[in-house]
Amino acid sequence: MENQKTNNKESKEDSDILVSTPEQDELISLLTKRFPSVPDININHLQEDIELIIESKNIKSTCRLLKDSSELNFNYLECISLVDYEEKLEAVYHLTSFKLKQSLVIKTSISVENPEIDSVIDIWRAADWFEREAHDLFGVTFLGHPNLEPLLLFEGFEGYPGRKNFPINDYKEW
Amino acid sequence: MISLIIFYIISALVLIGSAGVIFSRNIVYASFSLLLALLGTAGIFVLLLAEFLAIVQILIYGGAVVTVILFALMLTKIDDFRSLSNINYWPISAFLTLLALIVLIIGIYQTKIDTQNLGLVKFSKFSNDLFEYWGIPFEIASLVLLVALIGAIVILKDRGNDS
Amino acid sequence: MSIADLFNYFSYVSGLFLSLTIIVLLLVWLERKVLARIQMRMGPMRVGFHGALQPIADAIKLISKEDILPAWADKLVYWFAPIVVFVPAFLLWVTIPFGKNMVIRSLDLGLFFIVAISVLSVLGLIMAGWGSANKYAVLGGLRAAGQLMSYEIPLIMAILTIAILSQSLNLVEIVDKQSQIPNIFIQPLGLVLFFIAGLAELGRTPFDIHHAESEVVGGPFVEYSGAHWSVFFLAEYINTFTISILTVLLFLGGWHWPNIPFSGNLQTILSVFVVLIKTILVVSVIFWIRATYPRLRIDQLMSFGWKMLIPMAFINVTITACIIYYDELPLWILPILSVILLILSAVIIQRKFSKNIINTVQVISAKSLLKEKSEVDIN
Amino acid sequence: MEINKTINSDNVDLMINMGPQHPSTHGVFRLLLNIDGERIIDVKPHIGYLHRGSEKLCENERYAQVVTLFDRLDYVANLNMELGFCLAVESLMELDIPDRASYIRVILCELNRIASHLLFYGTYGLDVGAMTPVLYAFREREKIQGFFESITGARMMHNYFRIGGIKEELPDDFNNRLSLLLDEVSQGIEECDMLLSKNEMFLARTKNVGIISASDAVDFGVSGPNLRASGIARDIRVSKPYSIYDRFDYGIPVASSGDCWDRYYVRLEEIRQSIKIIKQAMSQMEDGPILAKVRRIARPPKGEIYFRTESPRGDFGVYLVSDGSDKPYRVKVRAPSFANLQSLQYLLKGAYIADAVTILGSIDIIMGEVDR
């Protein structure tokens with residue numbers, strides 16, 4: 001049963017890449033031209049967003065390139081989400097290009113032991129609070145962010161409540 | 001008789017107010033004491049049947065001057081005024097005040113005004129006097145005020161350009 | 001002056017206090033009802049007939065509330081401020097006639113007295129603002145000082161035109177001069193100037209900047225509660241009534257127009273009613289404006305005062321003085337000039353605003369947007 | 001202590017704390033204003049007073065239970081929030097929603113958009129000092145809330161959308177009552193428009209105040225009516241049509257200058273367009289099932305999705321990571337108000353204190369969504 005399901009899903013993914021829209025093909029070709037070294041360019045078959053999986057040290061240069069190149073011009077940072085996979089943290093950047101009317105997902109892993117990543121606040125000012133929130137809830141340090149004060153939590157809050165190992169039931173607030 | 005009692009009450013108020021201006025450590029209290037003294041003076045003017053002067057006193061000193069003083073005080077840090085109490089010039093000011101007092105006393109004794117037959121001056125007569133006999137001084141005074149007004153605007157405009 | 005005189009004065013003062021309190025209660029009820037009608041509500045309905053006793057219930061509630069003294073407040077200044085606001089508001093009524101022969105003391109310098117005393121209430125607001133040790137209150141106090149002092153000038157100028165026109169500063173004489181034509185027909189501009197400046201003096205919408213709820217949370221009154229707050233409240237409503245009755249006395253003919261045919265006591269009583277009815281109409285206009293208009297910003301208020309009202313008031317004074325001085329000029333020139341000035345100022349304001357009225361919003365069809373390859377930037 | 005750390009206190013004229021208890025901060029929001037006279041020199045927003053850890057809570061609830069948590073995000077546009085989450089789960093499960101359910105969802109969501117914009121209209125009137133608009137707006141909003149109550153059983157926290165459809169069939173007289181409601185509301189909108197939009201003082205307070213250019217708005221991640229007021233015709237309903245929004249013919253109001261008045265009027269115009277959508281949906285709706293065939297306990301397959309919907313406040317994104325169990329592995333909400341509010345720091349510099357209120361009001365934030 002379990003196997004069957006995963007098989008199904010894989011086959012679906014394959015088929016979806018085949019039926020991708022011409023606009024997406026265009027974007028993929030643009031991306032491959034821009035980032036010849038990046039190994040993973042996927043299409044999330046559900047939302048039809050193209051995924052770009054990169055190393056965390058490349059985040060700033062990649063984002064800079066994505067925003068500044070005239071044919072891509074990903075000028076709109078929608079969201080920065082963090083997911084705690086226990087063995088690693090994953091930062092997910094959702095971008096949109098108003099020019100191409102296309103969205104792009106950048107994924108990068110951050111180690112749990114040393115959660116550090118470059119800030120993209122110079123590229124999009126929208127990153128400011130998203131990064132502060134991620135710093136609050138997941139304890140990720142965004143290097144180069146001018147002001148990583150607690151945003152949602154109060155000063156002096158201990159622990160990172162977004163992470164999976166935060167004791168949600170045993171936590172005593174008062 | 002009653003007017004005499006009222007006079008003493010008002011004079012007491014004026015004195016209290018004046019003393020408050022000098023002795024109050026709190027600069028805002030001092031300005032409120034000043035207001036008390038000025039309003040009391042207006043009351044004395046009323047007792048002397050000088051209604052016009054009384055009203056002018058209230059309008060200009062009570063309303064405008066004290067308001068402006070308070071306005072200025074609120075915009076500055078009160079702490080800046082704490083050091084004012086340490087200034088050692090008080091003998092000079094005491095001497096000058098005494099001198100002024102002597103001059104005033106001499107002046108009051110020298111001028112001979114009939115204090116027995118006081119009467120209310122009709123306002124129309126007063127204004128006629130002001131604009132006919134004292135027309136030129138009046139205009140000069142208004143000119144001075146105009147100059148002050150323009151000067152204030154110029155100073156303000158300079159500051160406005162800075163910020 | 002004797003003891004009997006003193007007793008007399010005391011009875012006058014207490015009578016005045018009582019009648020003003022009743023008027024304030026009436027105005028509170030009226031305001032709530034007028035606002036409610038405009039906003040399609042009922043207003044107070046429970047206490048008494050159509051909520052007529054609601055103001056009394058409010059008053060009882062206010063008096064029985066706790067008086068809070070903020071910990072950092074300047075106690076003396078804080079407690080004195082309501083009195084400093086209230087006393088001038090009350091003192092004005094010494095010389096304001098309610099009706100024919102219904103005045104405590106018909107001062108020769110009546111109008112001048114009113115102007116001088118009304119300035120003092122600014123001090124109370126500043127004291128309240130400073131004494132509360134609250135930044136919003138200080139901000140409100142400063143706003144009040146700036147606003148009230150700037151709008152004093154057009155108010156005085158508007159009063160001055162009437163004084164020139166009537167050749168008197170005595171309110172009773174001014175009203176009697178209007179037995180044929182009320183001043184509104186001679187000085188329409190003066191009425192508008194006086195009313196607008198009066199609104200600003202009161203701090204009523206659209207000039208309720210110093211106690212703006214949504215900005216400085218009540219301004220100087222933010223820390224006050226209970227009885228002391230109600231004193232401010234009382235003063236505010238007395239002032240509203242004062243400005244309205246002054247509008248009636250100075251411009252709308254007071255107890256003349258329509259002339260009361262009777263004589264003696266009946267005429268006196270009827271004259272009070274005529275004045276009261278006119279005043280309540282003016283008050284209702286103030287409430288109506290309160291229900292309709294948003295609030296101006298402080299800089300807009302100031303520039304409106306200094307660039308619009310004051311020049312207009314000065315021009316008005318000059319024109320009136322010239323026409324009165326040169327007797328041979330017919331009086332009907334004055335209303336014509338006044339109306340022309342009024343139209344002129346309306347045109348200036350209109351031109352200032354007309355560039356704002358352009359509607360910048362356009363609706364783009366979703367179907368056409370769907371076809372676009374990129375997001376449309378209409379700039 | 002904290003104040004000294006953030007703002008250099010040497011040249012501070014006056015520092016005021018606007019909020020968390022201030023009449024016009026629209027919830028528990030705190031602004032540290034550093035002012036010089038009436039001018040704002042610097043501003044520092046503080047949020048988080050309403051942080052309930054919704055995203056973390058979602059990880060410990062079943063999918064069906066999460067809907068109730070989403071109700072409480074944007075608490076004046078609850079159904080739009082529910083729709084965002086339900087659509088995300090449904091497209092993760094690749095479910096086909098019955099047509100009737102989709103139509104009902106769209107009708108209710110657009111009604112909720114109207115209610116939300118009406119709330120904005122009323123409170124915006126209060127922000128600029130006019131007290132009557134709020135009563136006019138709430139009169140209309142109250143009718144919509146009553147209508148919701150008759151359908152979902154609740155005035156605000158509906159919990160009406162289910163994964164795969166909706167909870168219950170509509171009442172019998174739905175169509176009649178809806179058309180009556182629409183007539184009343186559209187008349188009410190015109191009244192509201194007449195009352196405030198062209199008022200000279202309102203124009204003076206809002207025109208050319210708080211201008212944000214299109215490029216700045218995009219940079220700050222501003223979305224929804226605020227972005228459209230700056231001149232970019234972006235609406236998720238059109239850019240990436242979800243649910244059945246591609247079946248309707250309606251307009252997207254776009255303004256050019258990006259000032260407060262534009263933000264205000266774009267919303268007012270959106271109400272009219274929403275009425276248009278509802279009318280079309282009403283005429284297109286047919287009988288049929290209202291719930292797809294789903295298991296009682298939804299178990300989406302392993303995977304992840306970022307689903308965008310257009311909430312009344314802008315791009316509402318739900319990032320959902322599923323590990324195949326009956327509880328979501330991670331839910332991240334991209335709240336439009338959260339991103340919109342970031343632009344406040346930029347907008348307020350150099351403005352008057354009174355403008356702070358006007359600008360904050362025109363951004364139209366809901367703290368439930370900002371803090372989550």
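Chain A is the first sequence line, chain B the second, and so forth, proteins listed ahead of strands; every chain is numbered from 1. Scope of the values below: all heavy atoms of this structure, side chains included, with no hydrogens, waters or symmetry mates. The shown structure was predicted, so the numbers you read here are calculated from the model rather than taken from an experiment.
Proximity to chain C (any heavy atom under 4.5 Å) is restricted, for Q273(D), to the side chain, taken from C-beta onward. Looking at P241(D), the atoms closer than 4.5 Å to chain C (heavy atoms on both sides) all sit in the side chain, from C-beta outward. Using a 4.5 Å cut-off between heavy atoms, F248(D) contacts chain C through its backbone alone, with no side-chain atom that close. Contact annotation for L135(D): only side-chain heavy atoms (C-beta onward) come within less than 4.5 Å of a heavy atom of chain C. Looking at F202(D), both its backbone and its side chain come within 4.5 Å of chain C, counting heavy atoms on both sides. Looking at Y250(D), both its backbone and its side chain come within 4.5 Å of chain C, counting heavy atoms on both sides. Interface residue Q300(C): only side-chain heavy atoms are found under 4.5 Å from chain D. At a 4.5 Å heavy-atom cutoff, I209(C) makes no contact with chain D through either its backbone or its side chain. Using a 4.5 Å cut-off between heavy atoms, V209(D) contacts chain C through its side chain alone, with no backbone atom that close. Within the 4.5 angstrom heavy-atom criterion, only side-chain atoms of L196(D), from C-beta onward, approach chain C. Interface remark: R139(D) contributes side-chain atoms only to the contact with chain C (heavy atom separation under 4.5 Å). Residue D249(D) touches chain C through both its backbone and its side chain, counting heavy-atom pairs closer than 4.5 Å.
In this structure, the separation between CZ on R297(C) and CE on M201(D) is 13.0 Å, given to the nearest 0.5 Å. The distance from the CG atom of D355(D) to the CD1 atom of I298(C) is 12.5 Å, given to the nearest 0.5 Å. In this structure, OG1 on T132(D) lies 8.5 Å from CZ on R41(C), to the nearest 0.5 angstrom.
Contact count versus chain C (heavy atoms, under 4.5 Å) is highest, among M18(D), R234(D), R205(D), for R205(D). Ranked by non-hydrogen atom pairs under 4.5 Å with chain C, the options G251(D), S213(D), G125(D) are led by G251(D). Looking only at heavy-atom pairs under 4.5 Å with chain C, the residue among V266(D), V238(D), V357(D), V254(D) that has the most is V254(D). For the set V138(C), L35(C), L139(C), the count of heavy-atom pairs under 4.5 angstrom toward chain D peaks at L139(C).
The minimum heavy-atom distance between Y136(C) and I16(D), with the atom names listed, is CE2-CD1, 4.0 Å. Across all non-hydrogen atoms, the minimal contact from I38(C) to Y136(D) is O-OH, 3.4 Å. Of all the heavy atoms in G129(D) and T205(C), the pair that sits closest is O-CG2, 4.3 Å.
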- Task: Decide yes or no on side chain to side chain contact (heavy atoms under 4.5 Å, CB included) for R143(C) and I353(D), but give the supporting numbers first.
- Result: CA-CA 12 Å; R143(C) 281 179 170 195; I353(D) 295 173; 4.2 Å; yes
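Within residues 286-295 of chain C, the residues that have a heavy atom under 4.5 Å from a heavy atom of chain D are R290(C), A291(C), T292(C), Y293(C), P294(C), R295(C), listed by number.
In K349(D), the NZ atom is crowded: over 12 heavy atoms of neighbouring residues, nucleotides or ligands sit closer than 6.0 Å. Counting heavy atoms of neighbouring residues, nucleotides and ligands inside a 6.0 Å radius, atom CD of Q187(D) does not exceed 12 of them. Other residues, nucleotides and ligands contribute more than 12 heavy atoms inside 6.0 Å of the CE atom of M45(C).
When atom types are taken as modelled, the side chain of E269(D) and the backbone of V363(C) share no donor-acceptor pair closer than 3.5 angstrom.
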